[in-house]
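Since the structure comes first, as structure tokens, the remarks are kept for the end.
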Amino acid sequence: MARSLFSFTTQRSLLSLLLSSTSLSQVLQLHAQLITRALASDPFVASRLLLAISEIPVISSDATTYADLILSRCPRANTFIWNTVVRIHAAGLEPRRAVVVFRRMRQEGLDTDSYTYPFVLKACGLFLGWEEGGQIHGDVVKKGLDFDLFVTNGLISMCCRCGNLASARRLFDRFLEKDLVSWNAMIGGYASRGEMRQAQELFDEMPERDAFSWAIMIDGYGKKAMDVDSARRLFDCLPDRDLVCWNSMIDGYAGVGRMDDARELFEMMPTQNVISWSILIDGYVNHGDPKEALILFQQMLRQGIRADKVCAVGAISACAQLGALDLGRWVHFYLRKNKVLLDIVVQTALVDMYMKCGSLDHARMVFESMSDRNVISWNAMIVGLGTNGHGEKALELFFRMEREGAAMDDLTFLGVLSACTHAGLVDEGLSIFHRMKGDFGIEPSIEHYGCLVDLLGRAGRLAEAKNVLDTMPVEANPALWGSLLASCRVHRAVDMAAACVQHIAELGADDSGVYILMSNIYADKGMWEDVWRTRRLMGEKGMKKESGRSVIEVDGVVLEFVNGDRSHFLMEDMLRVTWCLSEMCTSLG
DNA sequence: CTAGGGTTAG
């Protein structure tokens, strides 16, 4: 009936348009046209709409909601339609919803077939829903689908992803019609958990191998088992290496900090993609060379490779480590200009970067604009506010976090406690420390005790601080005694300071810094005999003062200062610093 | 009528 409302040819052209649409808004426009013609409830039209959605490269939450809507408006939906909705959810941001749709499908008495299970199982593997997967497994056996290649491969990889290697292996061994994918899934299960002995055994046994098999093994040895040399031996055996193999091998080296080896392969590989660059950039960021990371980032852009959000996170954290605000803002601007979708990871990296660069307003702006926040985002704000000297604001944010019922972890408390310390909010800090276990279920670690000692010590409540160290459930370490020692200097408590040094020495951690601090405490009090005695002791122990080092960004240029070393200090840099300082002085009036 | 499984970077 509905069909007679508009001509067959118009319908056909609409449908062919649908098949070639590449964005949700295009699909929506077409749907609107179809709705006005009262056609959307037609199963055939619904299936076309859903197929169009499933072909969008990135399934947004709008897309999944829309798929649910189409399903609900289509009373005569068949198995194909339901399968497609399950598939859309499995590819979306919340794979769990695929299982929800699957359950409704069964409740409403629809037939499930060999196309239903691979998608549901994939979803289970993605959110690690082994419980649900186990039930589905029973279902599959009842339906006699456990001999279907796709269904069984789905089961094997679901079991592997959920860490149930024994079940996966049972399925694998009993399955006589195994293909290359079955082998790769099983080997991947072992490799992703670093069980390389078992993976290697199967790898040697398998009838044929493809690029995936090699990539799985190289990645398993390099990243998961931290055995880069074995990974390299396989890599060298491999006749024609694809991009993934190169990247996995480079990532293996970067993961263990062998940046020279990583770099050498990077230069050798035939072509690099944005992932290759990201691996290298991240490697430098994680192994103490953020400056090199930024140089690479700029090189990559110059070669015409667009940065994606993963790569940007590397660059942003390099900026954070360097305190390079101008560059960080530039990366932020780049992402906006290139319409790169800012997800929670990028936004959190930006918050962290702005905080580390001391730009609280920008950090706050990004944080407030976030539609979703996790514990890492909150921590970045709380820790950042604390280290920038805004203890009250950090505390405020902590209470807001509590009100909103956001999950906290041990870093949250390290952040808020040290914020209290620096703002002199001693009683507030104490109260939070004492609520940690009861109200938030987080057992204080040795670091939290460190904060407590600091909190009390800096406020001059030295006896209470020492009492914490003497009575805490785990034994205090040199760092904790060191923190009390630092408080002793501030409050000129010579005797307690000497006791701290004693403890540190007993723990075998008495480095030059400890004695220098101690001798400074004596000096503050004019106890020169003790100063010289301490200096002599240092000489006897063969200690020398170590050099300090710092890095700053001035006017877009990153400068590195090493105490006692002026070689980096070029005249040009000197001029920039001078200019910058004079600018600042002028603006301060 | 139509569709499907395995690898790589935070």
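By convention in this document, chain letters (A, B, ...) are assigned in the order of the sequence lines, proteins followed by strands, and residues within each chain are numbered from 1.
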**OP:** Output the single nucleotide from dA9(B), dT2(B), dG4(B) whose closest atom is nearest the side chain of V310(A).
**Re:** dA9(B)
**OP:** Give the rounded distance in Å between these two atoms: CE of M105(A) and C1' of dA3(B).
**Re:** 13 Å
Original post:
Angle class for the W246(A)/F235(A) ring planes (parallel below 30°, perpendicular above 60°, tilted otherwise)?
Top reply: perpendicular
**OP:** Look at all strands and tell whether S47(A) reaches a base, only sugar-phosphate, or nothing, counting heavy atoms closer than 4.0 Å.
**Re:** base
Original post:
Do N83(A) and dG4(B) have a side chain to base donor-acceptor pair shorter than 3.5 Å?
Top reply: no
Original post:
Separation of F150(A) atom CZ from dG6(B) atom C1', in whole Å?
Top reply: 12 Å
Original post:
OH of Y117(A) versus P of dG4(B): gap in Å, rounded?
Top reply: 19 Å
Original post:
Is D179(A) touching bases, backbone alone, or none of the nucleic acid, heavy atoms closer than 4.0 Å?
Top reply: base
**OP:** Would you mind telling me which of dT8(B), dC1(B), dA3(B) lies closest to the side-chain atoms of R87(A)?
**Re:** dA3(B)
Original post:
W82(A) has an atom CH2; how far is it from atom C1' of dG4(B), in whole Å?
Top reply: 20 Å
Subject >> N184(A) CG to dT8(B) P, straight-line distance once rounded to whole Å >> reply: 12 Å
Original post:
Ring-on-base stacking between F80(A) and dA3(B), under 5.5 Å between centres and under 30° between planes: is it there?
Top reply: no
Original post:
Between dC1(B), dA9(B), dG6(B), which one does the side chain of R48(A) approach most closely?
Top reply: dC1(B)
Original post:
To the nearest angstrom, how far is L171(A) atom CG from dG6(B) atom C1'?
Top reply: 15 Å
**OP:** Take the protein atom CD of E55(A) and the nucleotide atom C1' of dG4(B), then report the distance between them rounded to whole Å.
**Re:** 13 Å
**OP:** Report yes if the side chains of W183(A) and K178(A) come closer than 4.5 Å at any heavy-atom pair, otherwise no.
**Re:** yes
Subject >> Euclidean distance, atom CZ of residue F203(A) to atom P of dT7(B) [Å, nearest integer] >> reply: 16 Å
Subject >> Closest listed nucleotide, where the reference is the side chain of K122(A) and the choices are dT7(B), dG6(B), dA9(B) >> reply: dG6(B)
Subject >> Nucleotide nearest P118(A) when distance is taken to its side chain, options dG4(B), dT8(B), dT7(B) >> reply: dG4(B)
**OP:** Return the nearest nucleotide to the side chain of D308(A); candidates are dA9(B), dT7(B), dG6(B).
**Re:** dA9(B)
Subject >> For G314(A) against V285(A), the heavy-atom pair lying closest together >> reply: O-CG2, 3.4 Å
**OP:** Tell me which nucleotide among dG4(B), dT7(B), dC1(B) gets nearest to the side chain of Y115(A).
**Re:** dG4(B)
Subject >> Sugar-phosphate only, base, or nothing, as touched by S114(A) at under 4.0 Å among non-hydrogen atoms >> reply: base
Original post:
Is there a side-chain contact between R87(A) and Y115(A), using heavy atoms and a 4.5 Å cut-off?
Top reply: no
Original post:
Within the structure shown, what part of the strands sits under 4.0 Å from N273(A) by heavy-atom distance: base, sugar-phosphate, or nothing?
Top reply: nothing
Subject >> Flag if over 12 foreign heavy atoms under 6.0 Å of CZ, R103(A) >> reply: yes
Original post:
What is the nucleic acid contact for L149(A), judged by heavy atoms within less than 4.0 Å: base, sugar-phosphate only, or nothing?
Top reply: base
**OP:** Return the nearest nucleotide to the side chain of I275(A); candidates are dG6(B), dT8(B), dT2(B).
**Re:** dT8(B)
Original post:
Is it true that W277(A) and F297(A) have ring centroids separated by less than 6.0 Å?
Top reply: no
**OP:** Look at the side chain of V244(A) and decide which nucleotide, out of dA9(B), dG6(B), dT7(B), has an atom nearest to it.
**Re:** dT7(B)
